[in-house]
Colleague: 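Have a look at this one.
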Amino acid sequence: MAGPLFDRVLPPEPAATAPGTDSPGPPRDAEAAADPLLADLTPAQREAVTHLDGPMIVVAGPGSGKTRVLTRRVAWLVLRAGVEPWRILAITFTNKAAEEMRARIERLLVAEGAGGAAEGVLVSTFHSFCARMLRRYGPPGRTSDFTIYDTDDQKACLKRVLAELQLDAAQWRPGALLARISEAKNRLLDAEAFAEQAAGWRDEVVARVYRAYEQALAQFNALDFDDLLLKMLALLEREPQVREELRARFRHVLVDEYQDTNRPQYLIANLLAGADGNLFVVGDPDQAIYKWRGADLRNILEFERDHPSAREVRLERNYRSTRAILRAAEGLIEHNRERRARRLFTDNDEGVPLRLVRCLSDEEEARLVADEIAARLEQGGCPARELAVFYRANALSRRFEEELRRRGIPHRVVGAVPFYQRREVKDVLAWLRLLANPDDQQALARVIGLTGNLGAGTLGRLAERAATRGWSVLRTLLEDTAVMEQLRAPQRRALSGLRELLAELRAMPPAPVLPLLQRVLERTGYLEALRGADDPQELARADNVEALLNAAAELDAREPAGGYRALLDQAALWSAVEEDGADGEAVRLMTLHAAKGLEFDEVFIVGFDDRLLPLEREDSACDLEEERRLLYVGLTRARRRVTLTSAMVRRTWGRERTAQPSRFLAELPSEVLERTGTAGLRLAAAPLPQPPPSRSAPPPAAFAARLGELRARAAAVRPGGSTAAELVAGARVRHAVFGEGEVLEVSGSGVGRRVRVRFERIGTKTLVLQYANLERLT
DNA sequence: CCATTCGATGTTTTT
DNA sequence: CATCGAATGG
């Protein structure tokens, strides 16, 4: 049964290829073949995993088992090479990737009875790693209590700066200014250096703003994202003993997604590892999609120049996709000039051609894709979580959400509004922020704004008093008497209430954090106010506040000594809280950027219009090669099928625009492409290729289990949408007609499965789950 | 000081 | 079109 699939994992092909590439071949030696950490790897993967001393670069094509190499390597270092776990630093691009890698490493270690060792390995993003080190050693020019400013904080801060400089925020847009400042920081230009190279009148203004912004951050004891990297860099450069300490500790530095590192990240990694240190980087120049954010392709293209002793391994065998998908992706990417030649290969089946569907309008596009998804789920064999819709810009997601919701198809938009950036979450955290950093004026402004009867006037007085006395804003708030005297009775009362709360919070221990949050909510009535509202949006906010309480409880359990500081760091750095856990049985919607590193059975790339996929902007010329790489990333996420859709008329922000299919269409080899009109998008004529190609070659047992799991999941999905397993008593649901309610009871099984729901508007009703079209609310 | 209303304004991608 | 921000009246 598993035979033919399993054969593909280790194909018996001749091994007449040069070392350093991963053409399939027999195991080098019997010893490796017997090691469960190495047995199922190709020679190239094995070489990467077992590389011991000195720098190494792994250029890993999509679906070539890169994550598997990284995790195996960490396990191998610990279990076979005798490296102490805490000497290993693994850096990923996102927190989500870090968490996933940590989990996978742990599983490998647990399998050999070394589960405890997993704790020691530091798996982190550059930003979290830097924040952690800066907390320990103290960043130059700040204290260890510094606050991390996210994009919103930066904007608010910049607005204050603009007001001080008497610049018009409409003319000098904060977003644009911050982009300039960030760009400068990525190029390692501080305000002075920027001013020196400023050309022209506008740059002079930017320079002034930059300088003032830096002063404000220093005054508030705050660091923005870029500063985390720059301060870490400064620490490593200026403090030899810190550098040596860290170098001595982290004997192995592994960096994932190396093609997307920027200059400061590059320097940090290299300073940590030292010239001939054990720097192990994995990346793929063809998947570099963050140039706009300062990523520097030279970091990966010139790795060998920087590290003459470096060994290179290339992983070019793809385990993921059908031949058709791979050929399409290759055909596309070959049009890039700034690129090293490479050829991917696979043993997988040819599969079915890619579909291009030209829709009449964007509405039709959403409808067709949703119909197709509904049909696929009904057909079985493909669980919802294996379907994904990708788009170039977040703005496109809405229509697809609506259509999926209308059909009761469980779906999730990945990373749209990051959890910790939601207003209600930031509101509640503001009190803790003020506690953590008494100079954080941004937090003070929030707290004041949330306290009844207090507003801009009081804030201004406090800030002024703080400035004249040289006190922190928190101290001014708590102790200054002059401010009190300036205020009228209602404000005075409000202010003393606030004082009491803050004093109480200060008297409480910094950990665990949950009681602190509870006290804030209790004393401010924040949560109650949200709960009491009848606006569903407000209720959703209340749910988010409760989710925050959960996150706090989890943090307390995981890291008992962390306390509110740990929560705040998590909040600032962890923007995409993406729990791909048990409730993950849903179709994924995301931007092409967010898709990096993921894989799905079937992928829909929507909005494949010319001015949208090579995205055209008014002001700046677009980087065609980067756009092409973005599409390349999207195509190579798919295991079995890709559908591209474009619309002849697209309504974007009010007005209609006619559109052409993407110019990239012409770059896809026509023999793997099937063009259809809208009538052609019929599932009956387009089954998924069967059997599916092997998922990136898991061991046989896991593979069989995975198949069983996939089938079980597929069976659980009803045309009506909700997964049977999802609904339990107490869950909140929405019905198209009856509105919102709470599940009281679930009974029966199969098609007879019923659910009793108490609806807010019409009372209790019993529904047949299969037909109820219930939408689960979070 | 606060709530509401109106107007203007702008959309890439994210740590 | 939707959200955000400023202006206005209570």
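Values in this document were obtained by computation on a predicted structure and should not be read as measured data. Throughout, a chain's letter reflects where its sequence line sits, starting with A, and its residues are numbered from 1. Side-chain atoms are counted along with the backbone in the values below, which use heavy atoms only and exclude waters and symmetry mates.
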Colleague: How long is the line joining CZ of A:Arg629 and P of B:dT13, in whole Å?
Modeller: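 So the two atoms are 18 Å apart, to the nearest Å.
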
Colleague: Any chance the rings of A:Phe250 and A:Phe129 have centres within less than 6.0 Å?
Modeller: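 Centroid distance A:Phe250-A:Phe129: below 6.0 Å, so yes.
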
Colleague: Looking at residues at least two apart in the chain, or sitting in another chain, which of them share a ring pair (Phe, Tyr, Trp, His ring centres under 6.0 Å) with A:Tyr290?
Modeller: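 With sequence neighbours excluded, A:Tyr290 shows a ring pair (Phe, Tyr, Trp, His ring centres under 6.0 Å) to A:Phe93, A:Trp292, A:His593, given in chain and number order.
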
Colleague: Could you pull out the protein-nucleic contacts involving nucleotides 2-9 of chain B (nitrogen or oxygen on both sides, under 3.5 Å)?
Modeller:
| unit_1 | atom_1 | unit_2 | atom_2 | d |
| --- | --- | --- | --- | --- |
| B:dC2 | OP1 | A:Asn453 | N | 2.3 |
| B:dC2 | OP1 | A:Leu454 | N | 3.3 |
| B:dC2 | OP2 | A:Leu454 | O | 2.9 |

Colleague: Side-chain N or O of A:Ser128 less than 4.0 angstrom from OP1 or OP2 on B:dT15?
Modeller: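 A:Ser128 to B:dT15 OP1/OP2: no side-chain N or O under 4.0 Å.
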
Colleague: Identify, between A:Gln491 and A:Leu630, the residue whose nearest nucleotide on DNA chain B lies closer to the 5' end.
Modeller: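 Taking each residue's closest nucleotide, the earlier one in sequence belongs to A:Gln491.
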
Colleague: Would you indicate, yes or no, if B:dT11 has its OP1 or OP2 atom less than 4.0 angstrom from a side-chain nitrogen or oxygen of A:Asn394?
Modeller: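 No, no such contact exists.
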
Colleague: Could I get a table of every N or O pair under 3.5 Å where one atom is in the protein and the other is in nucleotides 5-10 of chain C?
Modeller:
| unit_1 | atom_1 | unit_2 | atom_2 | d |
| --- | --- | --- | --- | --- |
| C:dG5 | OP1 | A:Lys159 | NZ | 2.9 |

Colleague: Take atom CH2 of A:Trp292 and atom P of B:dT14, then tell me their distance rounded to the nearest Å.
Modeller: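 Result: 6 Å.
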
Colleague: How close or far is atom P of B:dT14 from atom CG of A:Asn186, stated in whole angstroms?
Modeller: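 Atom CG in A:Asn186 sits about 16 Å away from atom P in B:dT14.
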
Colleague: Please state how far atom CG in A:Asp623 lies from atom P in B:dT13, giving the value in whole angstrom units.
Modeller: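 A:Asp623 atom CG is separated from B:dT13 atom P by 17 Å.
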
Colleague: If I take atom CG from residue A:Leu297 and atom CD from residue A:Glu625, how far apart are they, to the nearest 0.5 angstrom?
Modeller: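 Between atom CG of A:Leu297 and atom CD of A:Glu625 there are 9.5 Å.
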
Colleague: Pick the closest DNA chain B nucleotide for A:Thr458 and for A:Ala594 by heavy atoms, then say which residue is nearer the 5' end.
Modeller: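 On the 5' side of the pair lies A:Thr458.
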
Colleague: Is any side-chain nitrogen or oxygen of A:Thr591 closer than 4.0 Å to OP1 or OP2 of B:dT14?
Modeller: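 Yes.
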
Colleague: Does a side-chain N-to-carboxylate-O contact under 4.0 Å join A:Lys66 and A:Asp256?
Modeller: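 A:Asp256 and A:Lys66: salt-bridged.
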
Colleague: Return the CG to CG distance between A:Leu229 and A:Asn262, rounded to the nearest 0.5 Å.
Modeller: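 With rounding to 0.5 Å, CG (A:Leu229) is 6.0 Å from CG (A:Asn262).
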
Colleague: Could you check whether A:Phe126 and the base of B:dT15 form a stacked pair, meaning centres closer than 5.5 Å and planes differing by less than 30°?
Modeller: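 No, aromatic ring not over the base.
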
Colleague: Partners of A:Lys159 by salt bridge (Lys or Arg N to Asp or Glu O under 4.0 Å), sequence neighbours excluded?
Modeller: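 Expected list: none.
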
Colleague: Expressed in angstrom and rounded to an integer, what is the separation of A:Phe225 atom CZ from B:dT15 atom P?
Modeller: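 Atom-to-atom, A:Phe225 to B:dT15, this comes out as 8 Å.
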
Colleague: Grab the CD-C1' distance between A:Glu257 and B:dT15 for me, whole Å please.
Modeller: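 Atom CD in A:Glu257 sits about 13 Å away from atom C1' in B:dT15.
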
Colleague: Only counting residues at least two apart or in another chain, list the ones meeting salt bridge (Lys or Arg N to Asp or Glu O under 4.0 Å) with A:Arg399.
Modeller: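 Only A:Asp362 meet the salt bridge (Lys or Arg N to Asp or Glu O under 4.0 Å) criterion with A:Arg399.
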
Colleague: Report the distance from atom CG of A:Asp226 to atom C1' of B:dT14, rounded to the nearest whole Å.
Modeller: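 Distance check: A:Asp226 CG to B:dT14 C1' gives 11 Å.
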
Colleague: Return the value, rounded to whole Å, for the distance between atom CG of A:Leu573 and atom P of B:dT14.
Modeller: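 Computing the A:Leu573:CG to B:dT14:P distance gives 16 Å.
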
Colleague: Applying ring pair (Phe, Tyr, Trp, His ring centres under 6.0 Å), can you list everything that pairs with A:Phe608, at least two apart in sequence or on another chain?
Modeller: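 Ring pair (Phe, Tyr, Trp, His ring centres under 6.0 Å) check on A:Phe608 returns nothing, list empty.
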
Colleague: For A:Trp172, does the six-membered ring have the charged nitrogen or CZ of A:Arg202 within the cation-pi criterion, i.e. under 6.0 angstrom from the centroid and within 45° of the normal?
Modeller: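 Yes, cation above the ring, under 6.0 Å and within 45°.
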
